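Notes follow the structure.
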Amino acid sequence: MVKLAEWRGKELFRKYGVPVPTGRVVRSAEEGERAAASGSVPLPCVVKAQVLAGGRGKGGAVRFANSPSEVHAATAAILGLEFKGEKVREVLLEGKVAIGRELYLAIALDRSLRSPVLMASAEGGVEIETVADGAVDRQPIDPFPGITGFERRRAARTLGLSGGLANELDPILRALWALFQAEDAELVEINPLAVVGDHLLALDSKVIIEDDAGFRHPEYAEIRDDRTPLEEIAREKEIAFVQLDGNIGVIANGAGLTMATLDVLMELGGKPGVFLDLGGTDDPKKVTEAFLLMAEARPNAVFLNIFGGVTRCDTVATGLVAAMRQVPEANRFPLVARIRGNNEKEGIEILRAAGVTSVPDLRASAEAVVAAAGGGR
Amino acid sequence: MVKLAEWRGKELFRKYGVPVPTGRVVRSAEEGERAAASGSVPLPCVVKAQVLAGGRGKGGAVRFANSPSEVHAATAAILGLEFKGEKVREVLLEGKVAIGRELYLAIALDRSLRSPVLMASAEGGVEIETVADGAVDRQPIDPFPGITGFERRRAARTLGLSGGLANELDPILRALWALFQAEDAELVEINPLAVVGDHLLALDSKVIIEDDAGFRHPEYAEIRDDRTPLEEIAREKEIAFVQLDGNIGVIANGAGLTMATLDVLMELGGKPGVFLDLGGTDDPKKVTEAFLLMAEARPNAVFLNIFGGVTRCDTVATGLVAAMRQVPEANRFPLVARIRGNNEKEGIEILRAAGVTSVPDLRASAEAVVAAAGGGR
Amino acid sequence: MSVLVDASTRVVVQGITGHQGTVHTAQMRAFGTHVVAGVTPGKAGSTVEGVPVFDAVRDAVERTGANASCIFVPAPFAKDALLEAVDAGIRLCVIVTEHIPFHDMLVMYRYARANGARIIGPNCPGIAAPGKAKVGIIPNVVFRPGRVGVISRSGTLTYEIVNGIKEHGLGQSTCIGLGGDPVVGTSFVDALPFFEADPETDLLVLVGEIGGTAEEDAAEYIQHHFSKPVVAYIAGRAAPPGKRMGHAGAIIARGRGTAATKVAALDRAGARVARFPYEVPQMVAEIVAARAPR
Amino acid sequence: MSVLVDASTRVVVQGITGHQGTVHTAQMRAFGTHVVAGVTPGKAGSTVEGVPVFDAVRDAVERTGANASCIFVPAPFAKDALLEAVDAGIRLCVIVTEHIPFHDMLVMYRYARANGARIIGPNCPGIAAPGKAKVGIIPNVVFRPGRVGVISRSGTLTYEIVNGIKEHGLGQSTCIGLGGDPVVGTSFVDALPFFEADPETDLLVLVGEIGGTAEEDAAEYIQHHFSKPVVAYIAGRAAPPGKRMGHAGAIIARGRGTAATKVAALDRAGARVARFPYEVPQMVAEIVAARAPR
């Protein structure tokens with residue numbers, strides 16, 4: 001998933017017709033000062049760190065400025081900050097507005113209903129998780145026929161809007177729905193949607209784009225997510241790779257088996273540190289690449305747990321053996337292998353020839369790798 | 001329904017992405033000559049009368065020209081022609097192309113299926129009614145999800161297109177579907193869709209827009225249909241009014257009852273000349289307007305046949321009496337009235353007070369009006 | 001038993017505060033129908049003819065147990081009204097509104113079908129079972145409880161014929177006016193099985209008109225699946241091709257949908273086809289007389 | 001009897017000329033499945049593993065009587081493939097393809113449901129009834145005919161567990177891999193009634209994972225409507241919140257969908273919940289032993 005920074009989400013809002021404050025993203029204090037001086041950002045203005053984590057207000061990542069020099073100072077103070085692990089590289093400057101009521105609007109997927117849902121609450125401006133369930137109205141939106149008039153009217157009633165404000169809400173809801181569909185979003189959230197005088201204004205944006213629709217959206221390919229550098233490399237190689245806080249590397253195939261392997265290691269007192277899911281490949285080169293990637297993560301020990309289906313055991317064994325020859329001496333690690341399923345015999349034979357023994361029992365093999373990593377009970 | 005002239009249909013084709021020849025519509029021979037001389041129409045070119053009736057080629061309403069002066073001559077010859085009852089006021093000039101195969105494509109409504117259907121035939125370039133049923137492939141298109149890849153592939157196979165031509169057909173089909181939906185069309189037809197070298201080109205267009213969607217399409221309001229002037233006035237007053245070749249005026253309420261009334265008159269030897277359906281009004285003013293409109297059509301006699309439902313009998317009687325006072329002496333006509341249904345007694349009483357007797361029996365009343373018009377068996 | 005409506009029918013009127021909505025709410029109530037709610041956005045809390053008005057159909061359903069809807073809202077908003085009714089769980093929707101674009105109706109029809117709801121109409125007079133319930137606008141005066149079923153594409157012509165049945169001393173089991181638009185939610189073929197199954201219907205009157213092939217489809221169905229006597233009338237024999245005869249659907253296009261083909265098809269299917277509308281009640285009376293125990 | 005597939009299942013493989021399509025066509029045939037047709041546009045007239053290839057599913061259905069589809073086509077074209085299968089009258093579609101955008105799947109799901117078709121998947125290993133038929137990619141080696149039903153959101157973990165059941169000397173009635181995406185055509189709750197009704201299933205293994213509330217929904221259903229013994233395993237106890245664990249659906253978002261809540265719900269519903277995957281076959285064997293006549 002691609003989480004968009006606030007300013008990117010607001011660019012989408014503008015494109016689809018959700019009103020947002022006049023503003024501009026800057027990447028240096030000088031740029032910020034110039035923007036304020038030239039009038040392209042109204043004064044007084046809000047200076048907001050463009051990080052993905054919430055709670056910026058309380059965390060000092062949102063400031064106010066009344067003059068170009070104050071914009072310079074606030075931007076300088078925020079840029080380069082480390083906010084909940086994210087480094088601030090961009091700052092959004094926006095004209096300050098007089099906020100009346102703060103509302104909440106979002107469209108997200110409800111998996112159980114297998115439907116998008118429109119969420120609306122009159123209690124916006126706070127983390128929606130803190131709002132009582134009863135104060136958030138949820139309406140399933142059927143992709144056919146799309147968001148309807150009666151759904152939009154109900155949202156207006158939920159938000160306590162009538163007259164001109166209800167009339168303004170209507171195109172905002174259409175725009176949110178259009179954005180959700182056309183951009184292949186997982187989540188589109190406006191929090192708060194503020195009543196400013198007689199108008200509605202989206203003061204923040206939260207937009208998450210689905211990865212799988214990447215073939216329709218090359219424009220999101222370059223936007224980096226909160227992945228580690230190794231995770232990023234893995235992503236390019238189409239290998240599911242997740243770094244955790246442990247010292248055992250796990251290479252398995254299939255999400256369920258990988259998770260189960262982590263669970264077993266943890267139950268046995270091990271600490272999984274890298275999670276690498278080969279998925280359904282049967283290309284030995286991909287297996288080799290996965291191993292080399294794992295080596296770079298420098299685990300204490302590696303557990304190879306494969307159940308051959310699409311991925312055949314002999315393919316994995318061949319890839320593994322090739323990788324073992326390429327891993328630099330310094331990066332070598334103790335390896336425990338367990339390969340079962342399709343072409344199991346052939347795979348075991350290839351491993352044996354390279355000096356690796358496959359342990360067929362899951363518990364026994366897991367205990368062995370925990371011991372090899374220096375952990376265990 | 002609004003039938004669009006060829007050039008208007010082709011403007012829509014261009015807008016939605018169906019390729020059409022370079023061309024221009026002109027309304028005088030001079031304009032045509034200038035267009036050819038300035039190069040905005042390639043030479044040699046085709047000069048086509050913009051009338052709605054088919055068979056223009058055989059009817060002399062399509063000519064060719066090789067020079068600006070020939071364009072002048074051809075345009076002058078065609079403009080002002082009366083073609084199957086339509087006067088030629090516009091001429092389309094288009095660059096002449098080397099036509100390979102001629103194909104047929106259309107999207108229309110299939111009422112029984114309650115679905116749009118995509119019609120495709122490799123035998124284009126002739127009236128589709130003359131093509132054998134088996135040579136026209138019909139595929140229902142579900143508005144949800146809209147035209148699909150497999151439907152487009154089947155159309156390509158039906159048309160015998162592959163490779164680059166099939167690739168060109170794909171966006172044409174998407175465009176046709178988009179046009180059909182977004183313009184609220186009843187029919188979108190390309191006949192012929194010509195293979196010109198390595199490309200596809202729509203050489204003619206037939207687009208019919210639905211009347212009822214007028215509230216979404218004010219742009220079609222000014223395009224005149226093939227209505228008579230009185231029909232046009234009736235349309236503005238929202239009265240269904242059809243002129244036929246007879247001398248009895250029929251005012252009824254509801255399409256079915258109006259048609260049944262015509263049928264009865266015809267069976268009895270009468271000749272219905274004007275058909276006026278009050279529909280479901282209960283505004284006496286509308287009834288008065290309808291009567292005045294009928295008077296202008298100068299029928300020999302008028303049959304008022306009302307079954308009161310939404311339209312109440314007393315409303316009709318009130319409107320009728322008001323109209324009788326306004327009709328000029330010269331335009332007066334013998335009237336036979338039959339009013340039944342809701343508020344029947346009150347209506348009969350109002351008519352009686354104005355000197356009109358309601359005949360309750362349909363056959364008897366119909367015979368009376370046929371006699372009054374001077375016809376009958 | 002009757003067809004689609006009965007004493008358990010609880011009607012919500014969408015567009016109740018409009019003139020037609022108000023008038024026909026009173027008429028439906030006078031017929032004996034349980035009109036339990038009205039809907040007009042922004043008018044919640046008011047009443048029309050003693051019927052409580054809500055902002056949304058969902059509210060009406062939750063508060064009053066409405067299970068059928070009668071839609072009078074203007075054409076540009078009719079699609080939304082129907083979607084709202086179906087979304088709120090209504091399973092019978094009678095759409096009186098005329099001039100709904102057929103592209104809208106295609107969406108409405110699919111949405112209703114996907115959710116198990118039935119549409120009657122649009123541009124229709126609705127459905128009535130004398131002595132039980134009426135959802136729509138057919139004048140109350142034409143009805144009398146009886147055993148003649150009626151299905152019609154027409155409005156006032158239906159009233160005329162139904163009234164004729166009454167004037168012949170007979171009555172109706174259920175009468176459905178399907179509407180005169182090119183795309184209708186319920187066709188003859190959709191409605192016929194209900195009348196075949198209805199023990200209160202002895203014979204059926206079918207009133208068709210030119211345009212489309214609904215009558216030909218009905219004839220095909222009658223021939224193979226319908227066991228009760230059928231009397232039919234087709235309006236529009238005098239209509240010239242290419243002219244819309246009032247109803248959007250009543251047009252002879254490309255030589256199809258003429259009265260002649262429809263009459264012939266019904267004739268082949270064993271229906272008695274009347275030449276004049278007033279012959280219909282006569283034929284019905286003859287059939288009833290012939291079947292009566294002597 | 002078995003669940004959803006049996007000896008009458010006739011499979012068309014969409015994307016048969018691709019590597020996976022070809023490999024698994026052979027595997028399905030080796031399992032004993034009637035693979036009657038393949039579809040790859042532009043490849044009509046060729047054969048793959050002796051199976052005739054058509055340009056369109058409709059052709060395949062007309063010529064071979066195919067009634068189930070196994071879809072291997074790449075994600076950008078998978079939506080069209082599913083719509084084509086349903087349009088051609090196929091009523092069981094197993095989608096192996098992974099990385100289908102969920103927005104596409106929402107359309108596919110609605111289209112299938114509106115037309116009475118069932119989707120299994122996407123991103124799933126499919127369905128197999130040993131001795132009868134397999135539609136999908138679960139390795140043949142793990143199966144043995146028997147009386148244990150299996151429903152799983154996982155792929156290889158399913159193979160592991162199913163294989164374990166076999167190694168304990170038991171066999172499976174039907175095994176369904178639902179797929180690991182956020183939107184799946186068939187959920188636990190959708191699949192459970194089939195196993196409840198299946199006389200060849202004595203007990204059920206349910207393999208879940210973190211993310212969503214499908215397991216909680218299943219627990220609710222089991223508690224009230226499922227009478228057979230259930231052994232469950234939930235993968236992902238070690239997963240940190242906010243990280244996607246391979247499957248698009250396997251993510252703990254906003255504190256929901258944790259292993260703990262799922263285990264607790266299944267526990268409350270009376271299922272035996274295993275801590276380790278290899279405990280599942282043991283528990284199954286214990287239940288079978290306890291039920292066996294002495």
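Here the structure is a predicted model, which is why all the values come from computation and not from measurement.
Contacts of Val242(B) with chain C are made by side-chain atoms alone, with heavy-atom separations under 4.5 Å and no backbone atom involved. With a threshold of 4.5 angstrom between heavy atoms, Ile138(C) does not approach chain B through any atom at all. In this structure, no portion of Glu344(B) lies under 4.5 Å from any heavy atom of chain C. For chain B, the nearby parts of Phe102(C) are the backbone and the side chain; heavy atoms of each come within less than 4.5 Å. For Asp190(C), the part lying near chain B is the side chain, with the backbone staying farther off; criterion is any non-hydrogen pair under 4.5 Å. In this structure, the portion of Arg338(B) lying under 4.5 Å from any heavy atom of chain C is its side chain and not its backbone. Contact of Tyr109(C) with chain B is made through the side chain alone, with heavy-atom distances under 4.5 Å. For Thr311(B), no part lies near chain C; criterion is any non-hydrogen pair under 4.5 Å. Only the side chain of Arg110(C) comes within less than 4.5 Å of a heavy atom in chain B; its backbone stays farther off. When heavy atoms are compared at a cutoff of 4.5 Å, Leu244(B) approaches chain C solely by way of its side chain, counted from C-beta outward. Using a 4.5 Å cut-off between heavy atoms, Glu216(C) does not touch chain B at all.
Put simply, of Ile137(C), Asp104(C), Val189(C), Val23(C), the one with the most heavy-atom pairs under 4.5 Å next to chain B is Asp104(C). The greatest number of non-hydrogen atom pairs below 4.5 Å with chain B, out of Asp217(C), Val141(C), Asn163(C), is found for Asn163(C). Comparing Asp263(B), Asp361(B), Asp277(B) by how many heavy-atom pairs each has under 4.5 Å with chain C, the most go to Asp263(B). Residue with the most contacts toward chain B among Gly155(C), Ala214(C), Gly212(C): Gly212(C) (heavy-atom pairs, distance under 4.5 Å). Of the listed residues Val207(C), Val142(C), Ile100(C), the one with more heavy-atom pairs under 4.5 angstrom with chain B than any other is Ile100(C).
Heavy atoms from other residues, nucleotides or ligands lying under 6.0 Å from CZ of Phe144(B) number more than 12. Residue-environment remark: CD (Glu127(B)) stays at or below the threshold of 12 foreign heavy atoms within 6.0 Å. Environment of NZ in Lys84(B): crowded, with over 12 heavy atoms of neighbouring residues, nucleotides or ligands closer than 6.0 Å. Atom NZ of Lys166(C) has more than 12 heavy atoms from other residues, nucleotides or ligands within 6.0 Å.
Aromatic pair Phe215(B)/His99(C): centroids not less than 6.0 angstrom apart.
The OG1 atom of Thr156(C) sits 4.0 Å away from the CG atom of Leu257(B) when rounded to the nearest 0.5 Å. To the nearest 0.5 Å, atom CG of residue Leu109(B) and atom CG of residue Leu106(C) are 6.0 Å apart. Distance check: Asp212(B) CG to His103(C) NE2 gives 11.0 Å after rounding to the nearest 0.5 Å. If you take CG on Asn342(B) and CG on Asn140(C), they are separated by 7.5 Å, rounding to the nearest 0.5 Å.
Shortest non-hydrogen contact noted between Pro139(C) and Gly308(B) is CG-O, 3.4 Å. The minimum heavy-atom distance linking Ser154(C) with Gly256(B) is given by the pair OG-CA, 3.4 Å. Listed here is the closest heavy atom pair of Pro101(C) and Glu210(B): CA-OE1, 3.3 Å. Here the shortest heavy-atom pairing between Tyr159(C) and Gly309(B) reads CE1-CA, 4.0 Å. Contact detail for Ile210(C) and Met259(B): the closest heavy-atom pair is CG1-SD, 3.8 Å.
Arg363(B) forms a cation-pi arrangement with Phe276(C), by the criterion of a distance under 6.0 Å to the ring centre and an angle within 45° of the ring axis.
Proximity of Pro76(C) to Arg216(B): side-chain heavy atoms (C-beta onward) are nowhere separated by under 4.5 Å. Looking only at side-chain heavy atoms (C-beta outward), Phe307(B) and Ile161(C) stay at 4.5 Å or farther from each other. Contact annotation: the side chain of Val264(B) approaches that of Pro277(C) to within less than 4.5 Å [non-hydrogen atoms, C-beta and beyond]. Inter-residue side-chain proximity for Glu267(B) and Arg237(C) is flagged as met; some heavy-atom pair is nearer than 4.5 Å.
Under a 4.0 Å N-O distance rule, the pair Arg340(B)/Glu167(C) qualifies as a salt bridge. Between Arg111(B) and Asp181(C) there is no salt bridge, since no side-chain N of the basic residue sits under 4.0 Å from a carboxylate O of the acidic one.
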